[in-house]
Amino acid sequence: MRIIILGAGQVGASVAEALASEINDVTVVDQSSACLAQLADRLDVRTVTGNAALPSVLRSAGIEDAEMLVAVTQSDQTNLVACKIARGIFNVPTRIARLRGVDFVADEALLADDMFSVSHAICPEQEVTDYITRLVAFPEALQVLEFANGSVTLVCVRAYDGGLLVGQSINTMKEHLGSGVEARIAAIFRDLQPVDPEGNTVIEAGDEVFLLAATRFIRPVLRELRRMQEPVKRVMIAGGGNIGARVAAALKTHCEVKIVERDSRRAETIAVSLPGALVLCAEATDEKLLAQENIDEMDMFLALTNDDEDNIMAASLAKRLGCKRVLALINRRAYADMVQGGPIDIGLSPAQISIGSLLAYVRRGDVERVHSLRRGAAEALELVVHGDRATSKVVGRRIEELPVIRGARIAAIVRRGSETSVVRREGFLVDEVLDRVVIPHHDTVIEAGDHVVVFCTHKQQVAKVEKLFQVSAGFF
């Protein structure tokens with residue numbers, strides 16, 4: 001696919017890295033020749049220096065032949081203008097824009113073809129906010145990801161010495177869970193290497209285990225591997241920027257929130273917009289301040305400033321002073337890999353979190369959802385099954401009949417509207433249509449319309465999985 005990426009910042013660079021590794025023809029446009037030179041040194045991409053909102057620059061980037069435009073500059077206005085030009089002048093089929101302004105994201109009419117012509121809008125800051133709030137809801141987890149509109153949850157936890165399943169084989173998990181509760185260990189990483197999760201595989205302390213189950217069962221499943229922590233009630237946030245303020249707003253209804261912001265004007269703005277939250281104008285790396293604010297009584301410390309070094313220092317200090325769990329937002333992937341698992345419980349790369357929503361538009365076949373895992377080395381995909389036995393390689397076939405793709409594993413199947421439940425609405429009992437979550441076995445038959453969640457321990461397997469689920473030309 002011929003793709004033009006506007007913006008060579010953290011998001012743009014991560015998108016370029018993800019797409020260039022998948023045999024795409026990628027061109028990156030940015031006004032900074034230095035940023036482009038660094039990108040070209042490590043990736044097989046073409047670069048063009050210039051203003052991304054100018055038709056002449058877009059022509060130089062080859063937009064006349066482009067199949068997709070990904071506008072992820074720091075400016076909403078530039079991204080919107082570029083999408084409008086791409087649609088109105090060059091008729092680019094798919095136009096994705098990164099938008100920070102709430103006014104643009106909230107009003108779909110502004111993004112229609114007769115307005116700014118944005119096919120898909122993404123807001124990385126909101127995606128990071130949602131991701132962090134899920135981690136606060138599951139303080140035992142390293143990652144929490146959802147599929148099929150929240151019907152299925154994938155949780156990554158580190159198995160601890162003394163957990164019910166540690167030292168035992170995977171096939172004993174069903175005995176612990178009891179009847180009616182099904183789950184799947186989708187993957188295990190041990191010493192950074194994937195381990196195939198067969199029935200006789202023994203979980204070891206320190207393993208990173210990816211558990212998948214219907215969302216309503218995820219907590220009892222987690223108890224198998226982790227000592228459940230108390231719900232998070234007290235949170236301190238370092239940094240009142242775009243992400244910090246969003247996270248504080250999301251948490252303040254059910255948590256006691258303290259925000260540490262160094263800029264006095266920004267601190268005043270947050271204090272006005274978030275009544276009920278305590279805003280401190282100070283440095284989050286100030287040991288005396290953290291001690292005075294009882295950091296040892298905090299359930300979670302979130303370092304969300306725009307500075308990687310400050311986040312690492314503040315989170316490490318908070319942990320040393322007794323905070324139960326700390327998280328640091330880290331843009332440089334090398335830093336995130338280095339610090340997680342040490343004094344910092346979770347190191348988050350914002351670009352890696354938001355990359356999944358973009359990948360879903362690039363994937364071949366009907367890919368509903370993509371989650372990038374383990375810094376982009378692995379992926380979990382939600383694919384929608386179409387066709388029949390004649391036009392599809394998977395419809396009407398048992399799992400055991402499918403071609404074996406080593407390292408790729410069907411972890412769950414969601415059948416839309418296949419169950420009903422009686423609920424009371426406005427005083428009346430009515431039937432509510434529910435999705436059915438199936439944890440598949442070797443004899444499970446895949447049906448048309450199924451949403452299939454596939455876990456790939458290596459990114460190289462993704463293309464084979466996509467090809468397997470594609471329908472033949474006869475379907476159309």
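Every value quoted in this text rests on a predicted model; they were computed, and no experiment measured them. We're numbering straight along the sequence, starting at 1.
Between the side chains of Thr215 and Thr153, at least one donor N or O sits under 3.5 Å from an acceptor N or O. Side-chain N/O atoms of Asp310 and Thr305 include no donor and acceptor closer than 3.5 Å.
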Salt bridge (Lys or Arg N to Asp or Glu O under 4.0 Å) assessment of Lys233 paired with Asp299: CA-CA 7 Å; Lys233 294 296 183 184; Asp299 298 313; over 6 Å; no
Intermediate values then yes/no, salt bridge (Lys or Arg N to Asp or Glu O under 4.0 Å), Glu256 and Arg234: CA-CA 5 Å; Glu256 175 190 315; Arg234 294 174 297 275; 5.6 Å; no
Trace of the side-chain contact (heavy atoms from CB on, under 4.5 Å) decision for Phe116 with Cys83: CA-CA 6 Å; Phe116 285 112; Cys83 285; 5.7 Å; no
Steps toward side-chain contact (heavy atoms from CB on, under 4.5 Å) verdict (Leu6, Thr78): CA-CA 9 Å; Leu6 309 181; Thr78 297; 5.8 Å; no
Stepwise side-chain contact (heavy atoms from CB on, under 4.5 Å) test for Phe104 and Leu80: CA-CA 9 Å; Phe104 293 127; Leu80 290 169; 3.6 Å; yes
Worked verdict on Ser349 versus Asn331 for side-chain contact (heavy atoms from CB on, under 4.5 Å): CA-CA 5 Å; Ser349 169; Asn331 286 293; over 6 Å; no
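Shown here are the side-chain contact (heavy atoms from CB on, under 4.5 Å) partners of Thr47, two or more places apart in sequence or in another chain: Leu36, Ala40, Val45. Legend: residues meeting side-chain contact (heavy atoms from CB on, under 4.5 Å) with Cys281, ordered by chain and number and at least two apart, are Ser264, Ala267.
Taking CD1 of Ile132 as the start and CD1 of Ile353 as the end, the distance is 6.5 Å to the nearest 0.5 Å. Atom CG of Asn311 sits about 10.5 Å away from atom CG of Leu302, to the nearest 0.5 Å. Put simply, CG on Leu135 and CD on Gln143 are 8.0 Å apart, with the number rounded to the nearest 0.5 Å. Note: Glu287 CD to Met313 CE = 10.0 Å, rounded to the nearest 0.5 Å. Put simply, SG on Cys35 and CG on Asp30 are 5.5 Å apart, with the number rounded to the nearest 0.5 Å. Atom OG of Ser117 sits about 11.5 Å away from atom CG of Leu110, to the nearest 0.5 Å.
Atom CZ of Arg134 has more than 12 neighbouring heavy atoms from other residues, nucleotides or ligands inside a 6.0 Å radius. For CG of Asp296, the number of neighbouring non-hydrogen atoms (other residues, nucleotides, ligands) closer than 6.0 Å is greater than 12. Environment of CG in Asp191: sparse, with no more than 12 heavy atoms of neighbouring residues, nucleotides or ligands closer than 6.0 Å. More than 12 heavy atoms of other residues, nucleotides or ligands lie within 6.0 Å of CD in Glu67, so this atom counts as buried by the packing criterion.
By the 4.5 Å heavy-atom criterion applied to side chains, Met300 and Cys255 are not counted as neighbours. When side chains are defined from C-beta on, Val152 counts as touching Val414, because their heavy atoms get closer than 4.5 Å. With contacts defined as side-chain heavy-atom distances shorter than 4.5 Å, the pair Val454/Leu383 qualifies. The side-chain heavy atoms of Val367 and Phe469, taken from C-beta on, include no pair separated by under 4.5 Å. Between Leu348 and Ile330, every side-chain heavy-atom pair lies at or beyond the 4.5 Å cut-off. No side-chain heavy atom of Phe301 sits under 4.5 Å from any side-chain heavy atom of Lys319. Looking at Ile185 and Ile203, their side chains come closer than 4.5 Å, going by heavy atoms from C-beta outward. Within the 4.5 Å cutoff, the side chain of Phe455 has heavy atoms near those of the Leu373 side chain.
A donor-acceptor pair under 3.5 Å links the side-chain atoms of Thr457 to the main chain of Gly407, judged by distance alone. At least one donor-acceptor pair under 3.5 Å links the side chain of Lys84 to the backbone N or O of Met115. Without hydrogens or angle criteria, His371 side chain to Glu146 main chain gives a donor-acceptor distance under 3.5 Å. Although no hydrogens or angles enter the test, the distance criterion places no donor-acceptor pair under 3.5 Å between the side chain of Arg87 and the main chain of Ser119. Side-chain atoms of Thr269 come within 3.5 Å of backbone N or O of Arg265 as a donor-acceptor pair. In terms of modelled atom types and a separation under 3.5 Å, the side chain of Gln461 and the main chain of His458 share a donor-acceptor contact.
Using a 4.0 Å cut-off between charged side-chain N and carboxylate O, Glu230 and Lys324 make no salt bridge. A salt bridge between Asp450 and Arg415 is present, with a side-chain N of the basic residue lying under 4.0 Å from a carboxylate O of the acidic one. With salt bridges taken as basic N to acidic carboxylate O contacts below 4.0 Å, one links Asp113 and Arg95. Residues Glu125 and Arg98 are paired through a salt bridge, judged by an N-O separation under 4.0 Å between the basic side chain and the carboxylate. We find that Asp207 and Arg158 are not joined by a salt bridge, their nearest charged nitrogen and carboxylate oxygen being 4.0 Å or further apart. A salt bridge links Glu204 with Arg190: the distance from a Lys NZ or Arg NE/NH1/NH2 to an Asp or Glu carboxylate oxygen falls below 4.0 Å. Ion pairing between a basic and an acidic side chain is recognised when a charged N comes within 4.0 Å of a carboxylate O; Arg266 and Glu261 show no such pairing.
With Val15 as the fixed residue, the side-chain contact (heavy atoms from CB on, under 4.5 Å) test singles out one of Ile5, Ile3, Val28: Ile5.
Of all heavy-atom pairs spanning Ala284 and Ala314, the tightest one is O-CB, 3.8 Å. Minimum interatomic distance between Leu154 and Ala186 (heavy atoms only, all atoms of both residues): CD1-CB, 4.4 Å. Between Ala282 and Leu289, the shortest heavy-atom contact is CB-CD2, 3.5 Å. The two residues Leu142 and Asp345 come nearest to each other via the heavy atoms CD2-O, 3.8 Å. Across all non-hydrogen atoms, the minimal contact from Cys456 to Ala378 is O-CB, 3.2 Å. The minimum heavy-atom distance linking Arg325 with Ile346 is given by the pair NH2-CD1, 3.7 Å.
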Donor-acceptor contacts, no H, no angles, side chain residues 235-253, under 3.5 Å, sequence neighbours left out:
{"from": "Asn242", "atom 1": "OD1", "to": "Arg246", "atom 2": "NE", "distance (Å)": "2.9"}
{"from": "Arg246", "atom 1": "NH1", "to": "Gln126", "atom 2": "OE1", "distance (Å)": "2.6"}
{"from": "Arg246", "atom 1": "NH2", "to": "Arg100", "atom 2": "O", "distance (Å)": "3.3"}

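For the pair Arg219 and Phe138, the distance from NZ or CZ to the six-membered ring centre is under 6.0 Å and the angle to the ring normal is within 45 degrees.
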